[in-house]
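In listed order, ligands and their atoms are each counted from 1. Note: hydrogens, waters and symmetry copies are ignored here, and every other heavy atom, side chains too, is used.
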Amino acid sequence: AHMNENKEFVLVGGGNAAGYVAHAFVENGIADGRLCIVSKEKVAPYERPALSKAYLFPLDKSPARLPGFHTCVGSGWERQTPDWYKEKGIEVLYDTSVSGLDISLGTLSTKAGGTIKYSNLIIATGSTATRLPEAVGGSLPGVHYLREVEDADSLVSSWQEASKVVVIGGGYIGMEVSAASVSWKLDTTVVFPEKYVMPRLFTPAIAHHYEEFYKSRGVKFEKGTSVKKLVAGTSGRVARVELTNGKVIDADTVIVGVGAKPNVIPFLQAGLKSLEGGIQVDGQFRTSAPGIFAIGDVAAFPLKIYGRTARVEHVDHARKSALHFANVLTHKTTDPYDYLPFFYSRVFEYPGSERKLWWQFYGDNVGDTVEIGDFNPKYAAFWLVSGRIKGVFLESGSPEEFSLLPKIARNQPHIDHLKLRNASSVEGALEV
Ligand code: FDA
Ligand code: NAD
């Protein structure tokens, strides 16, 4: 095993947050020769959301491929290809997995037996897709998970041969991948245990509109049931899905989207404090050990606006935590991170699609809801606590309407419940 020379800033993880840190370090003139990125992936940081969206367009609809969506194109900035990192003097160790941390020595160990010495460590290792156990058939050929570009390539190659697809999970991956699957004209069934899709965010009424739209595009749902077993055919490849409700669905391709887990094991084993399943940080992304920071999916941070700790597995937070961390480091701010939760999705957006669905949500989905619109095409939902708006959801808004959402969620205006309920249109409700 070899010992690398001491690096001033070592960032573990080559994902969304890493790409935005690299951007900010270059902007601040602290990248050249001072930043080293250690990534398990073989490619430079990219905008991960593309993997379940433009990457999965039918092959005749110009799907996205690298290097088209390296960070930071998602924010309209320069596309950071491997050459960009070289030009900026940022060392990237690709295909290198960190397996250990020794805080007292200030060293990382890699799976391949190497050692990396750091002065400052930034942990941005993101999450891993939760797998179904081997005993349930979770590792059979034809069973896919979606987290990295290699997973998306493997899914696309399965779809080229597929005819019957089952998607397990009714969350983000389930919704985006099933929409893509029917766009490929594949027989597609989504299975999940809850009563309706996206239960952590959607109301029953919101979910109803999406389910009806999906059904009109050919997606079938098996709700309120779970997977008993994925069963292989004679070839060894998955051939059917047995559900706990007794039904059996034939499938040659299965995509599992049953949640994600933060990649924190080596760091918690080294003694960093844990919260919410992630790494505890303060409002400046400092962990419990000096000189060690955590951002993105793994960071459990003070969500100042609501006075609680949160871990957020969404790209807006990955980007903003990276930028805020860089601003703190370069003394551009001493303010604590003041994040406003923002989630979104887009489906059926391939070129030539009759209608695309696009929703955004800002704030906190707590309290009672007032919902307005007929989904033809617009729909809005407002979450209210003691007469104040806490969260706001909008489908198919105009850019101007979408831009009102963060203002509403941030200001939490007092609202006349009746006036809102009686608003004659989504546009009118957003004005209230
Ligand atoms: P991210 O997962 O991006 O990067 C982590 C990096 O660390 C990876 O390169 C990984 O290989 C590496 N790594 C892990 N362990 C390591 C180790 N031990 N050693 C070295 N490297 C290691 N969000 C959203 O708001 N809107 C959206 O539309 C979508 N869409 C979407 C689609 C799909 C398919 C996925 C999987 C996820 C999304 N998300 C999303 C979520 C969003 O992509 C996610 O929150 C961010 O990518 C998180 O950024 P991070 O940098 O924290 O982790
Ligand atoms: P998720 O938590 O959104 O959804 C998981 C779904 O699987 C839920 O419906 C859950 O009840 C269901 N489920 C759980 N166990 C199950 C089981 N045994 N059988 C059947 N269903 C089961 O997670 P996801 O969709 O897998 O997404 C993974 C990660 O990627 C998350 O961090 C998510 O935030 C991120 N992501 C985000 C977006 C976006 O923001 N647009 C898009 C894709 C992925």
Applying a strict 4.0 Å limit to heavy atoms, is [X] in contact with ligand 1?
X    : value
T110 : no
Y344 : yes
S345 : no

Starting from [atom], which protein heavy atom do you reach first, and at what distance in Å?
atom                    : answer
atom 33 (C) of ligand 1 : S52 OG, 3.8 Å
atom 4 (O) of ligand 1  : G15 CA, 3.1 Å
atom 3 (O) of ligand 1  : R48 NE, 2.8 Å
atom 24 (C) of ligand 1 : V315 N, 3.4 Å
atom 21 (N) of ligand 2 : P193 CD, 3.1 Å
atom 6 (C) of ligand 1  : G14 N, 3.4 Å
atom 18 (N) of ligand 2 : S226 OG, 3.6 Å
atom 36 (N) of ligand 2 : Y172 CB, 3.8 Å
atom 2 (O) of ligand 1  : R147 NH2, 2.8 Å
atom 5 (C) of ligand 2  : G257 O, 3.5 Å
atom 29 (C) of ligand 2 : A260 CB, 3.8 Å
atom 33 (C) of ligand 2 : E313 O, 4.0 Å
atom 30 (O) of ligand 2 : R147 NH1, 4.0 Å
atom 22 (C) of ligand 1 : K40 CB, 3.6 Å
atom 26 (O) of ligand 2 : G259 N, 2.8 Å
atom 10 (C) of ligand 1 : E148 OE2, 3.4 Å

Counting each atom of ligand 1 from 1 as listed, which ones have a heavy atom of [X] under 4.0 Å away?
X    : value
A124 : 5 (C), 6 (C), 7 (O)
G296 : 52 (O)
V12  : 19 (N), 20 (C)
G13  : 6 (C), 7 (O), 12 (C), 21 (N)
H314 : 23 (N), 24 (C), 25 (O), 45 (O)
I173 : 34 (C)
P49  : 27 (C), 28 (O), 29 (C), 30 (N), 31 (C), 32 (C), 40 (C), 43 (O)
V38  : 20 (C), 21 (N)

How about [X] and [Y]: are their ring centroids closer than 6.0 Å?
X    : Y    : answer
W359 : Y344 : no
H317 : F301 : yes
H209 : Y379 : yes
F343 : Y172 : no
F361 : F342 : no

Note: F343, heavy atoms under 4.0 Å from ligand 2, region reported as neither
Contact partition for V258 relative to ligand 2, non-hydrogen atoms under 4.0 Å = both
At a 4.0 Å threshold, what atoms of ligand 2 neighbour a non-hydrogen atom of [X]?
X    : value
I168 : 19 (N), 20 (C)
E194 : 8 (C), 9 (O), 10 (C), 11 (O)
H314 : 34 (O), 40 (O)

Heavy-atom closest pair (I295 atom, A17 atom, distance to 0.1 Å) is CD1-CB, 3.8 Å
Tell me the contacting part of [X] for ligand 1: side chain, backbone, both, or neither, using a 4.0 Å heavy-atom threshold, strictly below.
X    : value
K53  : side chain
N263 : side chain
E313 : backbone
T96  : backbone
V298 : neither
R346 : neither
A17  : both

Of F285, F267, F325, which meets ring-ring contact (aromatic ring centres under 6.0 Å, His included) against F293?
-> F325
Beyond-backbone contact of [X] with [Y], side-chain heavy atoms, under 4.5 angstrom:
X    : Y    : value
E148 : K40  : yes
Y196 : F221 : no
E395 : K378 : no

Any R200 heavy atom less than 4.0 Å from ligand 2 = yes
Consider every N or O of [X] and every N or O of ligand 1, then say whether any pair is closer than 3.5 Å.
X    : result
V98  : yes
D316 : no
F342 : no

Looking only at N/O atoms, are G170 and ligand 2 under 3.5 Å apart anywhere?
-> yes
For ligand 2, find out whether one of its N or O atoms is nearer than 3.5 Å to an N or O atom of I173.
-> yes
Do [X] and [Y] meet the cation-pi criteria used here (NZ or CZ under 6.0 Å from the six-membered ring centre, within 45° of the axis)?
X    : Y    : result
R355 : Y214 : no
R217 : F348 : yes
R410 : Y362 : no

Nearest heavy atom to atom 53 (O) of ligand 1 wins, so pick from A318, S321, G126.
-> G126
Which is closest to atom 4 (O) of ligand 2 in terms of heavy atoms, G171, P262, P199?
-> G171
Throw together a table of side-chain donor-acceptor distances under 3.5 angstrom for residues 72-79, partners on residues two or more places apart or in other chains.
unit_1	atom_1	unit_2	atom_2	d
S75	OG	Y20	OH	3.0
E78	OE1	W84	NE1	3.3
R79	NH1	P67	O	3.1

